[in-house]
There are 2 protein chains.
Amino acid sequence: MEMLMPDQKLRNMLQERGLKATSQRMIILDYLMSHKTHPTAEMIHADLQSISLATVYNTLEKLIETGLVVVIDVNDDKRHFDYYGKPHYHIINQETHEIIDANNFDVQPLIDAARKASGLNISGYHIELYGIDPKDAK
Amino acid sequence: MEMLMPDQKLRNMLQERGLKATSQRMIILDYLMSHKTHPTAEMIHADLQSISLATVYNTLEKLIETGLVVVIDVNDDKRHFDYYGKPHYHIINQETHEIIDANNFDVQPLIDAARKASGLNISGYHIELYGIDPKDAK
DNA sequence: CTCGATTTTAGAATCATTCTAATATAATAA
DNA sequence: TTATTATATTAGAATGATTCTAAAATCGAG
């Protein structure tokens with residue numbers, strides 16, 4: 001199980017957020033940081049066979065709570081997960097379900113507007129745009 | 001079953017989008033247009049008892065396909081549905097699951113950015129921001 | 001090193017959503 | 001109108017992603 005991130009860095013990322021640095025959590029976090037495939041829980045479990053599916057779900061929940069990971073809704077009845085290193089949003093091809101990470105838009109004004117509209121402290125967000133390839137137009 | 005929208009208007013909205021104007025579809029569309037409660041399929045079914053749950057789901061699917069309705073992801077394991085009359089985005093209180101419709105942000109620049117980043121024609125989007133009441137800060 | 005709190009785990013359970021296939025209906029043409 | 005046909009509705013069964021359970025393992029503070 002090659003760690004692509006240094007062990008100590010993963011440990012720190014978890015502990016800084018109040019999470020115990022278990023080997024399973026480090027492996028899953030490393031997996032998400034080093035894959036751009038936006039996997040489902042089942043895909044992560046399939047690749048990391050030594051880790052139970054329940055732990056994959058439990059870990060993802062903790063990583064989401066602490067902001068390290070976000071969920072992407074692809075409209076395929078399963079949640080996809082994405083390491084949230086830098087602010088970005090998602091563009092989803094409605095036909096192929098391909099997911100594109102994009103960051104050519106500053107979300108801060110949207111966050112400010114939401115705080116103003118709601119009075120809440122914004123702790124996270126989902127931005128997903130769905131698109132169709134012009135080549136596929138009927 | 002009081003129709004709050006004129007019957008003919010509902011009929012036209014459906015037919016303009018290539019959907020047969022069945023009584024069930026008119027009732028469900030009217031329900032969504034006249035409620036700001038962001039109901040789940042089960043809630044709609046409970047209120048409109050004469051319409052089967054399968055039809056509620058089938059109809060919602062059609063209304064989503066044609067852009068009349070959008071899905072809101074509240075993180076409570078059920079989809080919530082919202083009539084999409086005017087462009088808006090959603091702010092969700094993470095503790096109470098309350099949903100706020102907000103429109104104090106112009107989404108067109110985001111749509112333009114997404115088209116530029118992906119080359120796709122953007123056909124829809126989800127914008128959801130999650131927030132915590134400052135009064136509940138620990 | 002100890003110990004308690006937390007985490008992991010396999011398998012069972014849940015339940016929102018989809019599917020099935022039989023019946024009913026809307027929209028079109030005669 | 002009425003006939004025709006594609007489409008929609010329905011009850012109930014099936015699906016499957018996710019959550020739950022409770023027993024065993026492990027982290028990390030002291």
Side-chain angles (χ1 to χ4, degrees), chain A residues 1 7-8 10-31 38-66 68-82 97, chain B residues 1 7-8 10-31 38-66 68-82 97:
Chain A
M1 203 57 58
D7 195 89
Q8 192 55 49
L10 295 166
R11 185 179 300 278
N12 288 344
M13 290 177 71
L14 293 167
Q15 291 184 336
E16 278 166 11
R17 290 166 176 80
L19 301 180
K20 267 195 199 170
T22 67
S23 66
Q24 290 88 340
R25 286 176 180 170
M26 289 196 284
I27 291 169
I28 291 170
L29 177 55
D30 182 58
Y31 181 92
H38 310 94
T40 64
E42 189 55 67
M43 291 160 70
I44 297 170
H45 175 58
D47 278 358
L48 305 176
Q49 295 179 2
S50 64
I51 300 178
S52 78
L53 183 56
T55 295
V56 171
Y57 276 109
N58 290 342
T59 299
L60 288 170
E61 186 183 345
K62 293 292 185 183
L63 297 178
I64 291 164
E65 277 173 13
T66 55
L68 283 170
V69 166
V70 295
V71 175
I72 310 173
D73 176 12
V74 182
N75 281 339
D76 70 350
D77 296 329
K78 320 179 225 299
R79 289 183 294 166
H80 290 245
F81 300 91
D82 189 20
H97 288 173
Chain B
M1 201 59 55
D7 195 89
Q8 193 57 46
L10 294 167
R11 186 178 301 277
N12 289 344
M13 290 177 70
L14 293 167
Q15 291 183 335
E16 279 167 10
R17 290 167 176 80
L19 301 180
K20 269 196 198 170
T22 67
S23 65
Q24 290 89 340
R25 285 175 180 172
M26 288 195 285
I27 292 168
I28 291 170
L29 177 56
D30 183 57
Y31 180 92
H38 310 93
T40 63
E42 189 54 68
M43 290 160 70
I44 297 169
H45 175 59
D47 279 358
L48 304 176
Q49 294 179 3
S50 64
I51 300 178
S52 77
L53 183 57
T55 295
V56 172
Y57 276 109
N58 290 342
T59 299
L60 289 170
E61 185 183 345
K62 293 291 186 185
L63 297 179
I64 291 164
E65 278 173 12
T66 55
L68 282 169
V69 166
V70 294
V71 175
I72 311 172
D73 176 13
V74 182
N75 280 340
D76 69 350
D77 295 328
K78 322 181 225 296
R79 288 183 294 167
H80 290 246
F81 300 92
D82 188 20
H97 287 173

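Chain A is the first sequence line, chain B the second, and so forth, proteins listed ahead of strands; every chain is numbered from 1.
Looking at T66(B), its side chain does come within 3.5 Å of a backbone N or O of L63(B) through a donor-acceptor pair.
OP1 or OP2 of dA17(D) has not a single side-chain nitrogen or oxygen of R79(A) nearer than 4.0 Å. Applying the 4.0 Å criterion to OP1 and OP2 of dT18(D), one finds that Y57(A) has a side-chain N or O inside that range. Between Q24(A) and dC27(D), a side-chain N or O to OP1/OP2 separation shorter than 4.0 Å is absent. Contact annotation: S52(A) side-chain N/O to dT8(C) OP1/OP2 distance is not under 4.0 Å. When the side-chain nitrogen and oxygen atoms of K20(A) are compared with OP1 and OP2 of dT6(C), none of them lie within a distance under 4.0 Å. Applying the 4.0 Å criterion to OP1 and OP2 of dA8(D), one finds that T22(B) has every side-chain N and O outside that range. Remark: R11(A) is in phosphate contact with dG28(D), judged by side-chain N or O atoms under 4.0 Å from OP1 or OP2.
As a whole-Å value, the separation of R17(B) CZ from dA27(C) C1' is 19 Å. Taking atom CG of residue N58(B) and atom C1' of nucleotide dA16(C), one finds them 14 Å apart after rounding to whole Å. As rounded to whole Å, 14 Å separates atom P of dT25(C) from atom CD1 of I51(B). Summarising the geometry, the separation between NE2 on H45(B) and C1' on dT10(D) is reported as 11 Å, rounded to the nearest angstrom. If you measure from atom CG of N12(A) to atom P of dC27(D), you get 16 Å, rounded to the nearest angstrom. At whole-Å resolution of the value, CG in L53(B) and P in dC19(C) are 14 Å apart. The NE2-C1' distance, from H80(B) to dA16(C), rounds to 11 Å in whole Å. Note: CD (E42(A)) to P (dG16(D)) measures 12 Å, nearest angstrom.
Taking every side-chain heavy atom of Q15(B) into account, dA27(C) is the closest of dA17(D), dG12(D), dA27(C). The side chain of K78(B) sits closest to dA16(C) out of dT9(C), dT7(C), dA16(C).
In terms of position along DNA chain D, the nucleotide closest to T59(B) lies nearer the 5' end than the nucleotide closest to the other residue of the pair D77(A) and T59(B). Between A41(B) and A21(B), the residue whose closest nucleotide on DNA chain C is further toward the 5' end is A41(B).
Note: R17(B) CZ to L68(B) CG = 4.0 Å, rounded to the nearest 0.5 Å.
In this structure, the side chains of I44(B) and L53(B) stay at 4.5 Å or more apart for every pair of heavy atoms. Looking at V71(A) and N75(B), their side chains never come closer than 4.5 Å, going by heavy atoms from C-beta outward.
Considering T22(B), I28(B), L29(B) in turn, T22(B) is the only one that fulfils the side-chain contact (heavy atoms from CB on, under 4.5 Å) rule with R25(B).
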